[in-house]
Amino acid sequence: MQRRAVAISVAFFLVLSAGSYALVATTSSPPITVDEASVDHQLQRGDTFSVGGKTYSLTKVGGGSATAAHTNESYRYTAQLKRGQQVTYQGETYNVTIPNGSDPSQFTLREVQTIDEPTVTVNGTVYVVVEENGGDNRTLVPRDEYLPEPTTHTFEEGDTLDYQNHSTTVATIEAEVVTLEWVGERTTTVTFSQGRTPRSPGRRTSHTSPARTSSS
């Protein structure tokens with residue numbers, strides 16, 4: 001083991017048979033198990049290895065630890081739009097509106113309109129104060145009359161929608177929420193650190209560490 005201790009500054013060793021390294025979870029998938037059936041595996045940065053059916057590339061080695069990354073090029077992402085939520089679409093702000101009912105078939109993005117003029121409320125009605133003749137005359141115009149018809153965009157399940165720089169598909173529309181989905185790359189990272197060598201190096205065991213999801 002003395003020779004390996006010296007070499008670790010140059011190359012990172014996964015000594016599977018002796019269990020010299022333990023998995024530190026920074027990712028996310030199901031627990032990763034290292035089977036110590038083989039003898040020694042010397043890996044350097046840029047090398048690849050497979051664990052749990054996934055191929056990882058060693059991206060960082062040094063200081064008694066190493067980081068490996070796995071990229072899923074067809075990961076399914078989802079996002080939810082809630083009734084009444086304000087979202088940005090095509091550079092403008094919209095409210096998410098969903099028709100009443102237990103099984104809506106569509107939803108609408110309704111433009112959020114703003115008014116630069118002062119407003120007053122009289123008997124529950126909002127009026128816009130319109131000044132004329134340099135402010136000498138003021139007229140109260142109901143807000144709904146002052147503003148033009150808002151821009152709306154209506155979508156059904158299966159339609160495409162550009163959302164947060166992703167081309168998404170409307171997956172489901174429910175009474176209170178709309179689910180969008182899209183496919184893209186997702187990189188999961190795993191960090192290995194130097195651990196304790198078992199007292200019985202000849203015994204076959206496996207080390208499992210729970211994992212948490214981490215995307216980039």
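In terms of heavy-atom proximity, S57 sits nearest to G46 at OG-O, 4.1 Å. The minimum heavy-atom distance between T55 and S50, with the atom names listed, is OG1-OG, 3.5 Å. Across T172 and E157, no two heavy atoms sit closer than the pair CA-OE2, 3.5 Å. In terms of heavy-atom proximity, S105 sits nearest to I173 at O-CD1, 3.7 Å. Among all heavy-atom pairs drawn from L58 and A66, the shortest one is CD1-CB, 4.0 Å. Here the closest heavy-atom approach between residue V177 and residue Q80 is recorded as CG2-CB, 3.6 Å.
How far OH of Y89 is from CG of D162: 6.0 Å, rounded to the nearest 0.5 Å. Here the OG1 atom belonging to T78 is positioned 8.0 Å from the CD atom belonging to E181, to the nearest 0.5 angstrom. Atom CG of L140 and atom CD of E145 lie 11.5 Å apart (nearest 0.5 Å). Considering CD1 of I98 and CD of E176, their distance stands at 6.5 Å, rounded to 0.5 Å. The structure places CD of E111 at 4.0 Å from OG1 of T151, a figure rounded to the nearest 0.5 Å. R110 contributes atom CZ, which lies 11.5 Å from atom OH of Y94 (distance to the nearest 0.5 angstrom).
The 12-atom threshold is exceeded at CZ of R83, counting heavy atoms of other residues, nucleotides or ligands nearer than 6.0 Å. Within 6.0 Å of CD in Q90 there are more than 12 heavy atoms belonging to other residues, nucleotides or ligands.
Within the 4.5 Å cutoff, side-chain heavy atoms of V96 are placed close to those of L109. The side-chain heavy atoms of T48 and Y56, taken from C-beta on, include no pair separated by under 4.5 Å. Inter-residue side-chain proximity for T121 and Y127 is flagged as unmet; no heavy-atom pair is nearer than 4.5 Å. For the pair T97/F107, no side-chain contact is recorded, criterion being any heavy-atom separation below 4.5 Å from C-beta on. Residues L81 and F155 fail the side-chain proximity criterion, which asks for heavy atoms closer than 4.5 Å. Counting heavy atoms from C-beta on, the side chains of V183 and Y75 never come closer than 4.5 Å. In this structure, the side chains of R186 and E73 stay at 4.5 Å or more apart for every pair of heavy atoms. Here the side chains of Y77 and L180 are not in contact, with every heavy-atom distance at 4.5 Å or above.
In the hydrophobic clustering of ILVMFWY residues, with side-chain heavy atoms under 4.5 Å counting as a link, L147 and V128 come out together. Two different hydrophobic clusters hold V129 and V126 under the rule that ILVMFWY side chains link at heavy-atom gaps under 4.5 Å. Under a hydrophobic clustering in which Ile, Leu, Val, Met, Phe, Trp and Tyr are joined whenever their side-chain heavy atoms come within less than 4.5 Å, directly or via other members, V170 and W182 fall into different clusters.
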- [ ] Before giving the answer on side-chain hydrogen bond (donor to acceptor under 3.5 Å, both in side chains), spell out for T169 and T160 the whole-Å C-alpha distance, their side-chain angles and the decisive distance to 0.1 Å.
- [x] CA-CA 4 Å; T169 299; T160 57; over 6 Å; no
TODO: I would like to know whether T119 and R143 meet side chain to side chain contact (heavy atoms under 4.5 Å, CB included); could you show each step before the answer?
DONE: CA-CA 8 Å; T119 61; R143 182 181 187 276; 5.9 Å; no
- [ ] Mind running side chain to side chain contact (heavy atoms under 4.5 Å, CB included) on R45 and D47 for me, showing each step along the way?
- [x] CA-CA 6 Å; R45 185 171 59 184; D47 288 349; over 6 Å; no
- [ ] Start with the C-alpha distance between T108 and T152, add both sets of side-chain angles, then the distance that settles side-chain hydrogen bond (donor to acceptor under 3.5 Å, both in side chains), and finish with yes or no.
- [x] CA-CA 7 Å; T108 300; T152 60; over 6 Å; no
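Listed for the Q113 side chain is a donor-acceptor partner under 3.5 Å among the backbone atoms of P148. The closest donor-acceptor contact from the side chain of T67 to the backbone of T191 lies at 3.5 Å or more, if one exists at all.
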